[in-house]
Amino acid sequence: MLASRCPHCKTRFRVTPAQLELRAGLVRCGACREIFNGREHLLGNAEPLEALASTADDADGRMTLIDFGSLRASQPAVTSKMQEELDELSKAIADLQAKPWRDTSRHELAAEPQAATEASASEASAVATPDFIAQARKHRQSAGQWKPLLWLGIPLLLTTLALQLAYLFRADIAAYSPQAGRYVRAACARLGCQVKLPQHIDLLSLESSHLQEVPGQQAQYTLTALLRNQADTAQAWPSLDLQLKSDTSQPLVRKVLEPVNYLSTADLKKGIAAHAEHEIQISFELTGEHPGGFSIALFYH
């Protein structure tokens with residue numbers, strides 16, 4: 001009689017050489033139901049049968065004795081059980097040869113950590129949330145509530161800005177596009193505003209000017225000036241700031257000459273045409289010291 005040890009659960013059991021020869025040494029452990037080669041795990045010094053029957057030194061404190069042979073003929077139930085074990089073993093070996101082995105124990109082991117992880121996550125969620133995380137969540141929720149207002153507010157603000165720009169540059173819009181100018185004038189008629197000609201003083205220049213006394217008329221003077229419009233559209237007529245100076249360049253008189261002082265009503269409405277020059281003449285009376293010089297500046301009110 002020989003003794004073998006299960007490599008899986010360390011349970012010892014008795015076995016005979018005939019039993020090992022029967023299935024090329026393959027046996028099934030009666031404790032853990034694992035299959036292993038009994039020849040490879042024989043105990044070096046076989047203990048007496050009585051010792052094996054009364055000793056339990058496996059890791060779980062259990063021992064299962066399986067005797068495949070040398071059973072008494074008077075034990076038909078044990079023999080029948082042995083035959084069932086052998087048939088089950090044969091079927092297991094055939095299954096192993098017919099299809100790949102699937103280690104379900106690994107899947108079970110993998111499922112256990114996953115279940116443990118889910119349990120840990122559930123427990124962690126039950127723990128009180130830190131203040132900074134709660135504040136961040138509250139901030140995200142409030143930001144989500146403002147999104148619909150932003151979707152409505154941004155287009156409204158852009159429309160308001162466009163209307164303000166159209167009102168501010170209404171004169172340039174009307175000058176550049178007569179068709180758009182009709183709509184701008186119609187809107188201004190309802191709003192009570194006016195659409196005047198553009199006023200870009202930096203695009204106006206004074207090409208020449210001279211002041212002379214009218215012959216035969218004392219204290220009568222005539223100012224002649226040549227205005228040039230460098231803009232691409234017509235512009236409003238500017239006002240003139242005339243300063244008369246003495247021979248020593250000391251200021252004598254300052255006069256402000258508005259467009260109504262040197263233009264007709266028809267010319268005043270048309271404005272000075274784009275890229276055009278226009279000569280103006282202004283006559284006025286001056287008493288006192290005869291001017292020795294003058295200067296002119298263009299400006300808009």
Side-chain angles (χ1 to χ4, degrees), residues 161 163-301:
L161 178 62
L163 293 176
Q164 290 178 346
L165 292 176
Y167 176 80
L168 182 62
F169 296 100
R170 62 188 183 279
D172 296 279
I173 294 174
Y176 276 99
S177 175
Q179 184 176 2
R182 289 197 295 269
Y183 295 103
V184 172
R185 290 186 178 89
C188 276
R190 292 178 175 273
L191 297 175
C193 59
Q194 295 180 350
V195 181
K196 299 180 180 179
L197 291 171
Q199 298 180 353
H200 300 291
I201 196 65
D202 56 324
L203 297 178
L204 293 178
S205 62
L206 191 63
E207 297 297 318
S208 63
S209 63
H210 61 274
L211 180 68
Q212 62 182 7
E213 187 175 4
V214 178
Q217 296 184 8
Q218 188 176 3
Q220 294 291 325
Y221 294 87
T222 300
L223 174 66
T224 304
L226 182 63
L227 295 178
R228 178 177 176 80
N229 179 18
Q230 302 175 15
D232 295 331
T233 61
Q235 290 208 83
W237 294 98
S239 298
L240 306 180
D241 182 8
L242 174 63
Q243 291 187 11
L244 302 178
K245 301 178 181 179
S246 64
D247 294 335
T248 59
S249 299
Q250 296 295 323
L252 294 178
V253 178
R254 181 179 181 181
K255 286 182 175 290
V256 174
L257 305 174
E258 296 184 356
V260 293
N261 300 129
Y262 62 85
L263 291 173
S264 64
T265 304
D267 291 336
L268 188 64
K269 291 182 178 180
K270 294 179 181 178
I272 182 171
H275 302 288
E277 293 181 350
H278 186 83
E279 184 179 79
I280 60 175
Q281 288 185 351
I282 304 173
S283 298
F284 58 90
E285 182 178 353
L286 178 65
T287 59
E289 184 180 351
H290 181 78
F294 69 95
S295 64
I296 301 176
L298 306 179
F299 70 97
Y300 285 115
H301 286 284

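- Taking a 6.0 Å sphere around OH of Tyr300, one finds it holds more than 12 heavy atoms contributed by other residues, nucleotides or ligands.
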Trace of the side chain to side chain contact (heavy atoms under 4.5 Å, CB included) decision for Ile272 with Leu204: CA-CA 10 Å; Ile272 182 171; Leu204 293 178; 4.2 Å; yes

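- Residues passing the side-chain hydrogen bond (donor to acceptor under 3.5 Å, both in side chains) test with Gln230, sequence neighbours excluded: Ser205.
- To the nearest 0.5 angstrom, Glu279 atom CD is 13.0 Å from Tyr262 atom OH.
- Between the CG atom of Leu226 and the CG atom of Leu206 there is a distance of 7.5 Å, given to the nearest 0.5 Å.
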Worked verdict on Ile280 versus Leu257 for side chain to side chain contact (heavy atoms under 4.5 Å, CB included): CA-CA 11 Å; Ile280 60 175; Leu257 305 174; over 6 Å; no

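- Residues forming a ring-ring contact (aromatic ring centres under 6.0 Å, His included) with His210 (at least two apart in sequence, or on another chain): none.
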Intermediate values then yes/no, side chain to side chain contact (heavy atoms under 4.5 Å, CB included), Leu263 and His278: CA-CA 11 Å; Leu263 291 173; His278 186 83; 4.0 Å; yes

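- Not one N or O on the side chain of Asn229 forms a donor-acceptor pair closer than 3.5 Å with the backbone of Ala276.
- Separating the CG atom in Leu203 from the CD atom in Gln235 is a distance of 5.5 Å, to the nearest 0.5 Å.
- Residues satisfying the ring-ring contact (aromatic ring centres under 6.0 Å, His included) criterion with Phe299, sequence neighbours excluded, are His301.
- The two residues Pro198 and Ala234 come nearest to each other via the heavy atoms CD-O, 3.3 Å.
- Residues passing the side chain to side chain contact (heavy atoms under 4.5 Å, CB included) test with Ala180 are Ile173, Ser177, sequence neighbours excluded.
- Residues satisfying the side chain to side chain contact (heavy atoms under 4.5 Å, CB included) criterion with Leu161, sequence neighbours excluded, are Gln164, Leu165.
- Minimum heavy-atom separation, Leu197 to Ala236: CB-N, 3.6 Å.
- The list of salt bridge (charged side-chain N to carboxylate O under 4.0 Å, His left out) pairs with a residue in residues 210-225, not counting sequence neighbours, is empty.
- Under the ring-ring contact (aromatic ring centres under 6.0 Å, His included) criterion, Tyr221 pairs with His290, not counting sequence neighbours.
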Chi angles and distances behind the side chain to side chain contact (heavy atoms under 4.5 Å, CB included) call for Phe284, Val253: CA-CA 12 Å; Phe284 58 90; Val253 178; over 6 Å; no

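- Applying the ring-ring contact (aromatic ring centres under 6.0 Å, His included) test to His275 and every residue at least two apart in sequence or in another chain returns nothing.
- Each salt bridge (charged side-chain N to carboxylate O under 4.0 Å, His left out) pair with one or both residues in residues 241-263, not counting sequence neighbours, appears once here: Asp241-Arg254.
- Taking all atoms of both residues into account, the shortest heavy-atom contact from Leu252 to Pro291 is CD1-CA, 4.0 Å.
- Around CD of Glu207, the count of heavy atoms belonging to other residues, nucleotides or ligands within 6.0 Å exceeds 12.
- A heavy-atom distance below 4.5 Å is not found between the side chains of Val256 and Leu240.
- Contacts of Thr248 classified as side chain to side chain contact (heavy atoms under 4.5 Å, CB included), with partners at least two apart in sequence or in another chain: Ser246, Gln250.
- Nearest approach of Phe294 to Ser209, heavy atoms of both residues: CE1-OG, 3.8 Å.
- In summary, the side chains of His200 and Asp172 do present a donor paired with an acceptor at a separation below 3.5 Å, with no hydrogens or angles considered.
- In this structure Glu277 satisfies the salt bridge (Lys or Arg N to Asp or Glu O under 4.0 Å) test together with Arg228, sequence neighbours excluded.
- With sequence neighbours excluded, the residues forming a side chain to side chain contact (heavy atoms under 4.5 Å, CB included) with Ser264 are Ala266, Asp267, listed by chain and number.
- In this structure, Leu223 and Ile296 have side chains that are in contact, with non-hydrogen atoms separated by less than 4.5 Å.
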